[in-house]
Amino acid sequence: MTRKATVNYHVHKPYRQAFELDAGGIAGNLISPELAPTSVTLTDMRAAATSVAFSSDAVEFTQLETQVQDFSGSAWKQTYDAELTGMLREKLGAREVLVFDHTVRTDDPDATRKPARNVHSDYSQEGAEQRLVDLLGAQTAAEWALCHYAFVNVWRPVQNPINSAPLGFVLPSSVDPSDWILLDLIYPDRTGQIMGLVGNPQHEWVYHSKMTPDEIAIFNIYDNKGLPSIAHSALDLVEDAGVTTIRKSIESRTLVRY
């Protein structure tokens, strides 16, 4: 089954582009580079005859029930981190897992963190290598760099099934290396680096319709041994016009050592 959606691709420029997050010290204030709204065709993997796998496609959709009912505050983090750690060890064969960041996103104009509506991946090689040092310190990071490590994102709906702005992915096998551009990510206290994706009619988009809070997407955002980083974005798509629940999700960034 296929659907149509609109996504915001990046565009090539003769200079380095950047996002400014919490610009001017205002939480949630975002300054973005130029984006190109583009209609794309999606394959709904819930209804597809085939499936995608993390090891080959850098994304996988699966079930993961959680004991956490309320993702506000911080009391839930220890429980949820343990659930994610166990799942990644079992599913990916990771021998070490560090869950280091959670972001709850709400598709509401007043929300501090809204769904990311630009086609991107969370780290460039330089950005990932710097983040490894930031998280582990220079000495431990150097030890990990000799092994196989990766940054892996785990995304799930919160409270209600996703009815609008679902998360879509571009299969890496359909991406030309020239489609990627480097983007600076400027925070008030630090600068990171991500990758933006420029539009290409060859891109193959997939998503999983009406994901529930017991379902997750696991996807690769950097791997030092070559598993591709996968481009992703919230999609301008509504599943059922009669449903009024607000799209809310949590994404968890993890560092794994295989």
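These numbers come from a predicted model, not from an experiment. Heavy-atom basis, side chains included; hydrogens, waters and symmetry copies ignored.
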For the pair Arg113 and Thr106, evaluate side chain to side chain contact (heavy atoms under 4.5 Å, CB included) and give the outcome as yes or no after the intermediate values.
CA-CA 6 Å; Arg113 290 287 178 260; Thr106 306; over 6 Å; no
I would like to know whether Leu182 and Met195 meet side chain to side chain contact (heavy atoms under 4.5 Å, CB included); could you show each step before the answer?
CA-CA 5 Å; Leu182 293 176; Met195 297 190 299; 4.2 Å; yes
Are Ser51 and Arg46 close enough, and set up right, to give a side chain to side chain contact (heavy atoms under 4.5 Å, CB included), and what steps lead you there?
CA-CA 8 Å; Ser51 60; Arg46 189 182 295 280; over 6 Å; no
The test is side chain to side chain contact (heavy atoms under 4.5 Å, CB included); show your working for Val206 and Leu171 and say whether it passes.
CA-CA 7 Å; Val206 299; Leu171 295 181; 4.1 Å; yes
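In this structure, Ala165 and Ala234 approach most closely via the heavy-atom pair O-CB, 4.1 Å. In terms of heavy-atom proximity, Ser55 sits nearest to Leu227 at O-CD1, 3.4 Å. Counting all heavy atoms, side chain and backbone alike, Leu183 lies closest to Pro33 at CD2-CG, 4.4 Å. Closest of all the heavy-atom pairs between Val238 and Arg3 is O-NH2, 3.3 Å. When all heavy atoms of Lys225 and Asp223 are compared, the pair lying nearest together is N-OD1, 2.7 Å. Among all heavy-atom pairs drawn from Ile218 and Lys91, the shortest one is CD1-CD, 3.4 Å.
For the residue pair Ser124/Gln193, the side-chain donor-acceptor check at 3.5 Å is satisfied. Between the side chains of Asp176 and Ser178, at least one donor-acceptor pair of N or O atoms lies under 3.5 Å. Asp179 and His203 share a side-chain donor-acceptor pair at under 3.5 Å. Side-chain contact check for Asp214 and Thr212: no donor-acceptor pair (N or O, by modelled atom type) lies under 3.5 Å. A side-chain donor-acceptor contact under 3.5 Å links Arg247 and Ser249. Using modelled atom types, one finds a donor on one side chain and an acceptor on the other under 3.5 Å when comparing Asp44 with Ser209.
Here the straight-line distance linking atom CZ of Phe61 with atom NE2 of His208 works out to 7.0 Å at 0.5 Å rounding. Between the CG atom of Asn118 and the OG atom of Ser32 there is a distance of 7.0 Å, given to the nearest 0.5 Å. Atom NZ of Lys210 is separated from atom CG of Asp240 by 5.5 Å, given to the nearest 0.5 angstrom. Once rounded to the nearest 0.5 Å, the distance linking CZ of Arg95 with OH of Tyr149 reads 14.0 Å. Between atom CG of residue Asp122 and atom CG of residue Asn220 there is a gap of 10.5 Å, rounded to the nearest 0.5 Å. Rounding to the nearest 0.5 Å gives a distance of 5.5 Å between OH of Tyr123 and CZ of Phe151.
Separation of the His120 and His232 ring centroids falls under the 6.0 Å cut-off.
In this structure, the side chain of Glu60 does not engage the main chain of Ala53 through any donor-acceptor pair within 3.5 Å. The closest donor-acceptor contact from the side chain of Asn8 to the backbone of Val119 lies at 3.5 Å or more, if one exists at all. Of the possible polar contacts, one joining the Gln17 side chain to the Val11 backbone as a donor-acceptor pair under 3.5 Å is found. In terms of modelled atom types and a separation under 3.5 Å, the side chain of Thr6 and the main chain of Asp236 share no donor-acceptor contact.
Heavy-atom neighbours of Gln67 CD from other residues, nucleotides or ligands within 6.0 Å: at or below the threshold of 12. Within a 6.0 Å radius of CD in Glu65, other residues, nucleotides and ligands contribute 12 heavy atoms or fewer.
With hydrophobic clusters built from ILVMFWY side chains whose heavy atoms lie under 4.5 angstrom apart, Ile230 shares a cluster with Ile221. Under the 4.5 Å side-chain heavy-atom criterion for Ile, Leu, Val, Met, Phe, Trp and Tyr, Phe219 and Leu92 are members of distinct hydrophobic clusters. At a threshold of 4.5 Å between side-chain heavy atoms, the hydrophobic network of Ile, Leu, Val, Met, Phe, Trp and Tyr places Leu167 and Val52 in one connected group. Put simply, Met87 and Phe54 are part of the same group of oily side chains (I, L, V, M, F, W, Y) that touch within less than 4.5 Å, one to the next. Under the 4.5 Å side-chain heavy-atom criterion for grouping Ile, Leu, Val, Met, Phe, Trp and Tyr, Leu42 is not connected to Met1 through any hydrophobic cluster.
Of the residues listed (Lys248, Arg117, Lys114), the one engaging Asp107 in a side-chain hydrogen bond (donor to acceptor under 3.5 Å, both in side chains) is Arg117, and it is the only one. The residue from Val99, Asp101, Val154 that alone fulfils the side-chain contact (heavy atoms from CB on, under 4.5 Å) condition with Arg253 is Asp101.
Here side-chain hydrogen bond (donor to acceptor under 3.5 Å, both in side chains) pairs that include residues 79-89, with residues two or more places apart or in two chains, are Thr66-Glu83, Tyr80-Arg156, Asp81-His102.
A heavy-atom distance below 4.5 Å is not found between the side chains of Val198 and Tyr9. Using a 4.5 Å heavy-atom threshold, the side chains of Leu136 and Leu255 count as touching. Counting only heavy atoms from C-beta outward, the side chains of Thr62 and Ile216 approach each other to under 4.5 Å. In this structure, the side chains of Trp205 and Thr43 stay at 4.5 Å or more apart for every pair of heavy atoms. Counting heavy atoms from C-beta outward, Phe169 and Asp57 have side chains that stay 4.5 Å or more apart. Taking the side chain as every heavy atom from C-beta outward, Val175 and Leu197 approach each other to under 4.5 Å. Considering only heavy atoms from C-beta on, Met211 stays 4.5 Å or farther from Pro161 through its side chain. Counting only heavy atoms from C-beta outward, the side chains of Thr103 and Arg105 approach each other to under 4.5 Å.
Taking Tyr222 as the reference, nothing meets the ring-ring contact (aromatic ring centres under 6.0 Å, His included) condition, with sequence neighbours excluded.
A salt bridge does not link Glu126 with Arg131: every distance from a Lys NZ or Arg NE/NH1/NH2 to an Asp or Glu carboxylate oxygen is 4.0 Å or more.
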